[in-house]
Structures are given as C-alpha cells and as structure tokens.
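Throughout, a chain's letter reflects where its sequence line sits, starting with A, and its residues are numbered from 1.
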Amino acid sequence: NAGVTQTPKFQVLKTGQSMTLQCAQDMNHNSMYWYRQDPGMGLRLIYYSASEGTTDKGEVPNGYNVSRLNKREFSLRLESAAPSQTSVYFCASSESHSHQPQHFGDGTRLSIL
Amino acid sequence: GESVGLHLPTLSVQEGDNSIINCAYSNSASDYFIWYKQESGKGPQFIIDIRSNMDKRQGQRVTVLLNKTVKHLSLQIAATQPGDSAVYFCAENFQKLVFGTGTRLLVSP
C-alpha cells in the first residue's frame with residue numbers, strides 16, 4: 001500500500017525552466033493538495049482539488065498551475081521557475097475536503113538556481 | 001512551544017519519559033486542530049486531531065489537550081521511544097488550515 005507517491009524526490013532547475021511535479025494516491029481519496037515547506041515557516045497551501053474535476057487556489061498560488069488528471073493523480077507545474085520557488089513540495093490527500101489532509105507524500109526537494 | 005524563527009525549539013527527553021509538546025494557536029474561532037509528526041526527509045504524518053467542543057482526546061500513547069481559554073494545545077506522548085524523535089507541529093482550522101513551525105523532539109536511549 002504505497003499511499004501518496006511523489007516524483008521526483010529531488011530536482012535542480014535553472015531560473016526560467018519549467019517543471020511538473022507528479023503526485024499519485026492509491027487510497028481512492030477525493031481531495032488532494034499541494035503544499036510548500038520553507039525553513040521557519042509552516043506548510044503553506046498552494047492549490048487543492050476538493051474532488052476530481054475541480055481545482056482551487058490556496059494561500060500561495062502565484063507561479064504555479066495544477067492539473068487533476070484523474071482521481072488518483074494531481075500534478076503541480078512551474079511554468080517559469082524562480083529562485084523564490086526553491087522549497088520542499090508536499091502532496092497530500094484526504095477522503096474529502098472536510099477531513100483536511102490526512103496522508104502526505106515524502107516530498108520533492110526543488111532547488112532553483 | 002512553537003516558534004516562527006529559523007531554529008526550532010527542541011525538547012530532549014530520555015527513553016521511557018513522558019513528553020509534552022506545546023502549541024499556541026492564534027485564532028479563537030478555530031474549530032479543529034491536528035497534530036502531525038514529521039521525521040527527517042519524510043512527509044508529515046497525521047497523529048491525532050481534536051475538535052473545539054472537546055478538551056481532551058486520547059490515542060495510542062498520545063493525548064491531546066485543548067485549552068481554549070488561553071488558546072493552547074498540547075501533545076503528550078507516554079513512554080517516549082527513540083522512534084518518536086521527529087518534528088511535531090500543530091495545525092488549526094478556521095476556514096482554512098494554518099500550520100505551526102514545530103518543535104523538535106529528541107529521544108535519547
């Protein structure tokens with residue numbers, strides 16, 4: 001039972017490059033989330049998908065786009081990476097949006113040079 | 001307690017001791033609280049939650065206490081084990097979930 005799987009685990013990009021972070025869950029959860037975690041700050045919500053076919057902005061959506069490809073998969077795209085987007089990115093899922101994130105992946109560590 | 005600074009507060013305990021990790025939350029209207037555990041290089045792991053209409057909730061070796069008067073949340077871990085070493089952070093919910101920065105728990109054998 002894999003839970004929430006994120007790929008890649010590590011990535012280094014140059015400023016201006018684009019990248020898609022992948023996330024998949026095998027728990028048949030309806031809701032999925034993307035967070036970033038920065039030193040000295042709590043997790044911040046970038047985007048979420050309350051159910052298949054819907055996506056909504058979170059607290060820090062600028063510079064990102066998302067796609068809920070199907071019930072299992074929720075991807076995060078950086079169209080033109082900036083150094084300020086250097087962070088650890090976590091994908092999470094929950095049975096429904098009212099449950100809040102219950103299961104997290106192990107993160108993607110992204111550095112923008 | 002938690003800190004917004006770059007250096008996490010650290011609680012060091014001996015194996016077998018009871019640990020108490022504290023969290024001060026900001027919004028008196030928050031109606032739901034969660035404790036997470038995050039091991040190095042891993043994603044956060046849900047430990048236990050509590051709704052604002054409760055003062056205490058117990059899980060396996062963990063207890064969460066909620067004091068709404070002073071906006072304080074605590075996580076008690078009984079018989080702490082080396083595997084409990086991690087960063088623990090709380091989250092409060094009022095229309096959206098807001099995460100704290102965490103406390104590092106170090107358990108010595």
Side-chain angles (χ1 to χ4, degrees), chain A residues 1-10 21-25 27 29 31-50 56-61 74 76 86-110, chain B residues 1-10 21-27 29-54 57 59 62 64 66 71 73 75 86-104:
Chain A
N1 188 1
V4 178
T5 303
Q6 292 183 237
T7 56
K9 295 188 185 303
F10 303 92
L21 279 58
Q22 307 287 351
C23 175
Q25 52 92 8
M27 295 168 285
H29 282 172
S31 300
M32 297 184 74
Y33 311 80
W34 275 106
Y35 289 90
R36 60 178 290 173
Q37 188 175 46
D38 300 293
M41 303 182 75
L43 288 167
R44 291 183 292 168
L45 182 64
I46 305 171
Y47 270 93
Y48 69 96
S49 171
D56 287 285
K57 294 179 180 179
E59 184 182 352
V60 289
F74 188 39
L76 178 72
T86 293
S87 189
V88 182
Y89 291 85
F90 289 101
C91 177
S93 70
S94 61
E95 293 176 23
S96 71
H97 193 46
S98 61
H99 283 79
Q100 301 293 354
Q102 296 167 312
H103 299 271
F104 284 79
D106 283 338
T108 294
R109 284 144 187 83
L110 185 61
Chain B
E2 300 210 355
S3 169
V4 295
L6 293 176
H7 300 286
L8 294 178
T10 299
I21 300 169
N22 298 305
C23 174
Y25 63 92
S26 59
N27 191 336
S30 291
D31 57 3
Y32 178 61
F33 305 87
I34 308 174
W35 276 103
Y36 292 93
K37 171 186 181 182
Q38 187 173 18
E39 296 175 87
S40 181
K42 299 287 188 181
Q45 176 186 353
F46 175 98
I47 302 173
I48 191 167
D49 58 1
I50 187 168
R51 298 209 172 271
S52 59
N53 60 353
M54 302 172 68
R57 189 164 188 222
V62 296
V64 56
L66 176 62
K71 293 188 290 185
L73 195 67
L75 178 71
V87 173
Y88 292 80
F89 55 89
C90 68
E92 60 178 301
N93 182 72
F94 176 67
Q95 298 180 344
K96 67 173 184 176
L97 201 60
V98 176
F99 293 83
T101 53
T103 296
R104 188 179 308 280

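- Within the 4.5 angstrom heavy-atom criterion, no atom of A:Q6 approaches chain B.
- Around CZ of B:R104, the count of heavy atoms belonging to other residues, nucleotides or ligands within 6.0 Å does not exceed 12.
- Heavy atoms closer than 4.5 Å to chain B are found nowhere in A:R44, neither backbone nor side chain.
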**Message:** Please evaluate residues B:Y36 and A:L43 with respect to the criterion side chain to side chain contact (heavy atoms under 4.5 Å, CB included), reporting the C-alpha separation (whole Å), side-chain torsions for both, the decisive distance (0.1 Å), and the verdict.
**Reply:** CA-CA 11 Å; B:Y36 292 93; A:L43 288 167; over 6 Å; no
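- Taking every heavy atom of both residues into account, A:D106 and B:G43 meet most closely at OD1-N, 3.2 Å.
- Only the side chain of B:Q38 comes within contact range of chain A, with at least one heavy atom under 4.5 Å from a heavy atom of that chain.
- Proximity to chain A is limited to the side chain of B:N93, based on heavy atoms less than 4.5 angstrom apart.
- A distance of 5.5 Å separates OH of A:Y35 from CG of B:L97, quoted to the nearest 0.5 Å.
- Closest non-hydrogen pair, B:Y32 versus A:Q100, comes out as CE2-CG, 3.9 Å.
- Nearest approach of B:F99 to A:P101, heavy atoms of both residues: CZ-CG, 4.4 Å.
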